[in-house]
Visitor: 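The structure is given below, and queries will be raised subsequently.
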Amino acid sequence: MHPPKRRKPPRFQIYKDIGNKPYAITAGLSFVFLLAVWSLLSYTEAVNPVFLPQPQRVLMELIRQLGSAEYWNHIGISVFRVSAGFALACLIGIPIGILAGTFKFGEALVEPPMEFIRYMPAVAFIPLIMVWAGIGEWAKILLIFIGCFFQLVLMVADNTRRVSQDLLHASFTLGAGRWKAIETVIIPAIQPQLMNTMRLILGWAWTYLVVAELVAVSSGLGFAIMKAQRFLNTEQIFVGIIVIGLLGLISDRIFAFLNRRLFPWA
Amino acid sequence: MDQAARNRGTAQPEAVPGEITILGLHKAYESRKSRFEALRDIRLTVGGNEFLTILGPSGCGKSTLLRIVAGLEDASSGTVLLDGEEVIGPGADRGMVFQGYTLFPWLTVRENIEYGLKLRGVPILDRRGVSSYLLRVIKLEAFDKAYPKQLSGGMKQRVAIARALANRPKVLLMDEPFGALDAQTKLEMQEMLLDVWEKEKTTVLFITHDIDEAIFLSQRIVVMGAGPGRILKEFQVRLPAERTPEVRERPEFLALKRELAQLLKH
Ligand SMILES: Nc1ncnc2c1ncn2[C@@H]1O[C@H](COP(=O)(O)OP(=O)(O)O)[C@@H](O)[C@H]1O
Ligand SMILES: [Mg+2]
């Protein structure tokens with residue numbers, strides 16, 4: 001007897017889910033692959049170990065650093081700067097973005113100048129920021145704020161414009177006025193997208209943090225990297241980069257988790 | 001006006017509320033280069049509690065007309081009166097059901113139904129009473145806590161009807177509400193709608209391009225033609241008030257169907 005013919009389990013279907021386990025395994029494999037390439041290049045000394053340290057030595061360094069209170073101070077101050085700059089940008093940027101997305105007047109008032117400013121690299125503001133805010137904590141927070149703010153406003157305005165006209169019209173025919181429609185339709189409707197936007201911007205905040213900590217500081221992860229560079233301590237540079245990567249990953253996962261918990265309807 | 005005259009006015013036989021009068025309505029969409037005449041000289045009166053259907057081919061301006069009656073769009077000239085008062089902008093007295101799905105995805109079925117009542121500040125216990133009643137009418141009691149994404153197309157439209165009715169509107173405007181449903185569901189929805197109309201006693205202005213649907217549902221049918229959108233002819237539907245599925249086989253039904261099909265062919 002012949003076994004019944006079966007279609008092969010589809011693996012490369014466009015957009016199709018592949019299940020949690022294959023997903024996790026594939027993700028794990030891609031990390032293993034990265035590590036393998038790294039190991040190959042470093043253990044065979046194909047690349048000078050001064051430039052590319054061996055994975056196990058980086059791991060040792062990571063453990064050593066995480067055992068020191070000083071490094072945790074660096075982490076703490078960096079997390080503080082990112083959170084402060086990011087929170088400030090959200091606090092001011094989200095309402096402005098919503099208004100710019102809702103009213104054409106708001107759009108005309110806000111968007112053209114922002115489109116202009118956003119192409120200016122935030123890094124170019126560093127000298128100006130030092131003039132304005134000195135070299136204290138505020139200067140770092142301000143740089144992160146500038147890096148995030150303009151982009152955030154434009155993206156939130158875009159999220160807002162994507163709310164379905166039909167939903168708005170439905171609310172009008174159910175008795176909502178303009179402000180009620182903003183409160184009961186636009187704001188709830190944009191929330192899931194807003195979380196995604198914030199998640200993206202938070203990633204940028206980490207990038208600007210490193211930039212902010214490269215000049216005139218004596219604390220933070222960016223500073224730790226700079227210091228390591230001065231001594232050509234590539235292991236420590238790697239540790240700094242990995243720690244920042246992990247912190248970014250953790251904050252990203254928190255956002256993803258909140259998105260699923262807060263918006264079961266999406 | 002003096003007191004006596006006003007008394008005389010009210011002494012006349014009271015018209016059933018929910019009467020729509022459309023007077024000399026024109027609508028043109030103008031852009032810098034062109035002018036498109038969407039509606040030309042529409043005159044129509046829909047009596048209180050009447051079920052009137054506008055039948056016409058796609059693109060003849062049915063939705064435009066309904067949106068103007070809803071107040072979601074302005075006419076180029078002409079007026080719409082509801083019980084003698086000019087309609088300006090959308091309002092809860094004219095509930096609307098759209099062709100696309102417009103339930104608020106972040107609200108449960110019950111919360112969607114209660115949306116309009118909540119806007120008006122109706123206390124929660126009264127809201128519960130209304131929504132429970134309507135959930136029973138649309139036979140979705142078991143789904144009160146479900147989110148719209150968990151519902152089928154037909155269920156969504158039933159909730160949309162209940163949501164509009166919760167406000168006790170004088171008029172229910174329906175823009176091809178069953179256009180996206182499969183044939184079987186469509187028939188069920190038509191029967192349910194007549195049932196609801198029986199119970200709720202509102203004026204219904206219904207739009208469709210489906211001849212069978214128009215005859216089965218309405219007391220009167222107004223046929224529109226395109227280029228420019230205008231009223232071609234009006235038909236009284238002489239069928240028993242009680243519309244059972246068997247009505248569809250009656251000779252009057254079939255005769256009217258033939259006549260309408262003939263008219264729409266041109
Ligand atoms: N906002 C608009 N701008 C320009 N033309 C429009 C607009 N809305 C509708 N129209 C045109 O008006 C005509 C009638 O549209 P519509 O009322 O949607 O027709 P129907 O609902 O009968 O299919 C169509 O030809 C459509 O292209
Ligand atoms: Mg239409």
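Order of the sequence lines fixes the chain letters, A, B, ..., with proteins taken first and strands second; residue numbering starts at 1 for each chain. No experiment lies behind these values; they were computed from the predicted model shown.
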Visitor: In Å and rounded to the nearest 0.5 Å, what is the OG to CZ distance from Ser171(A) to Phe104(B)?
Guide: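 Answer for the OG-CZ pair, Ser171(A) versus Phe104(B), is 5.0 Å.
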
Visitor: Working to the nearest 0.5 angstrom, can you tell me the gap between Leu107(B) CG and Trp265(A) CH2?
Guide: 9.0 Å

Visitor: Just checking Asp74(B): does its CG atom have more than 12 heavy atoms from other residues, nucleotides or ligands closer to it than 6.0 angstrom?
Guide: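 Check fails, neighbour count at 12 or below.
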
Visitor: Heavy-atom distance under 4.5 Å to chain A: side chain of Arg163(B), backbone, both or neither?
Guide: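 Both parts, backbone and side chain.
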
Visitor: Please state whether the side chain, the backbone, both or neither of Ala189(A) comes within less than 4.5 Å of a heavy atom of chain B.
Guide: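 Contact with chain B involves both backbone and side-chain atoms of Ala189(A).
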
Visitor: Tell me whether Glu85(B) at atom CD has more than 12 heavy atoms from other residues, nucleotides or ligands lying less than 6.0 Å away.
Guide: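 Check fails, neighbour count at 12 or below.
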
Visitor: Given a strict heavy-atom distance threshold of 4.5 Å, which part of Leu103(B) is in contact with chain A: side chain, backbone, both, or neither?
Guide: backbone

Visitor: Flag yes if more than 12 heavy atoms outside Phe143(B) fall under 6.0 Å of its CZ atom; otherwise flag no.
Guide: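 Count not over threshold, so no.
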
Visitor: Who in residues 147-169 of chain A is close to chain B, using a strict under-4.5 Å heavy-atom cut-off?
Guide: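 Under the 4.5 Å heavy-atom cut-off, Asp166(A), Leu167(A), His169(A) qualify.
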
Visitor: Surrounding CD of Glu115(A) (heavy atoms of other residues, nucleotides or ligands, distance under 6.0 Å), is the total greater than 12?
Guide: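 Buried by this count: over 12 neighbours within 6.0 Å.
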
Visitor: Checking an interface table here. Which of residues 175-183 of chain A come within a heavy-atom distance under 4.5 Å of chain B?
Guide: Gly175(A), Ala176(A), Lys180(A)

Visitor: Report, as yes or no, whether the 6.0 Å neighbourhood of atom NE2 on His26(B) holds more than 12 heavy atoms from other residues, nucleotides or ligands.
Guide: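 Check passes, neighbour count above 12.
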
Visitor: May I ask you to name which of Arg94(B), Arg67(B), Lys118(B) has the most heavy-atom pairs under 4.5 Å with chain A?
Guide: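 Answer, by heavy-atom pair count under 4.5 Å with chain A: Arg94(B).
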
Visitor: Take atom NZ of Lys201(B) as the centre, draw a 6.0 Å sphere, and report whether it contains more than 12 heavy atoms from other residues, nucleotides or ligands.
Guide: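 Yes, enclosed.
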
Visitor: Taking every non-hydrogen pair under 4.5 Å, which of Ala160(B), Ala92(B), Gly116(B) racks up the most with chain A?
Guide: Ala92(B)

Visitor: Give a yes or no on this: more than 12 heavy atoms of other residues, nucleotides or ligands lie within 6.0 Å of atom OH of Tyr133(B).
Guide: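 Yes - once you tally the heavy atoms of other residues, nucleotides and ligands closer than 6.0 Å, there are more than 12.
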
Visitor: Which heavy atom of Asn167(B) sits nearest to which heavy atom of Leu174(A), and what is that distance?
Guide: ND2-O, 3.2 Å

Visitor: Does the side chain of Trp106(B) reach to within under 4.5 Å of the side chain of Pro192(A), using non-hydrogen atoms?
Guide: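 No. Closest side-chain heavy atoms not under 4.5 Å.
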
Visitor: Which heavy atom in Pro264(A) sits nearest to a heavy atom in Lys149(B), and how many Å separate them?
Guide: O-NZ, 3.1 Å

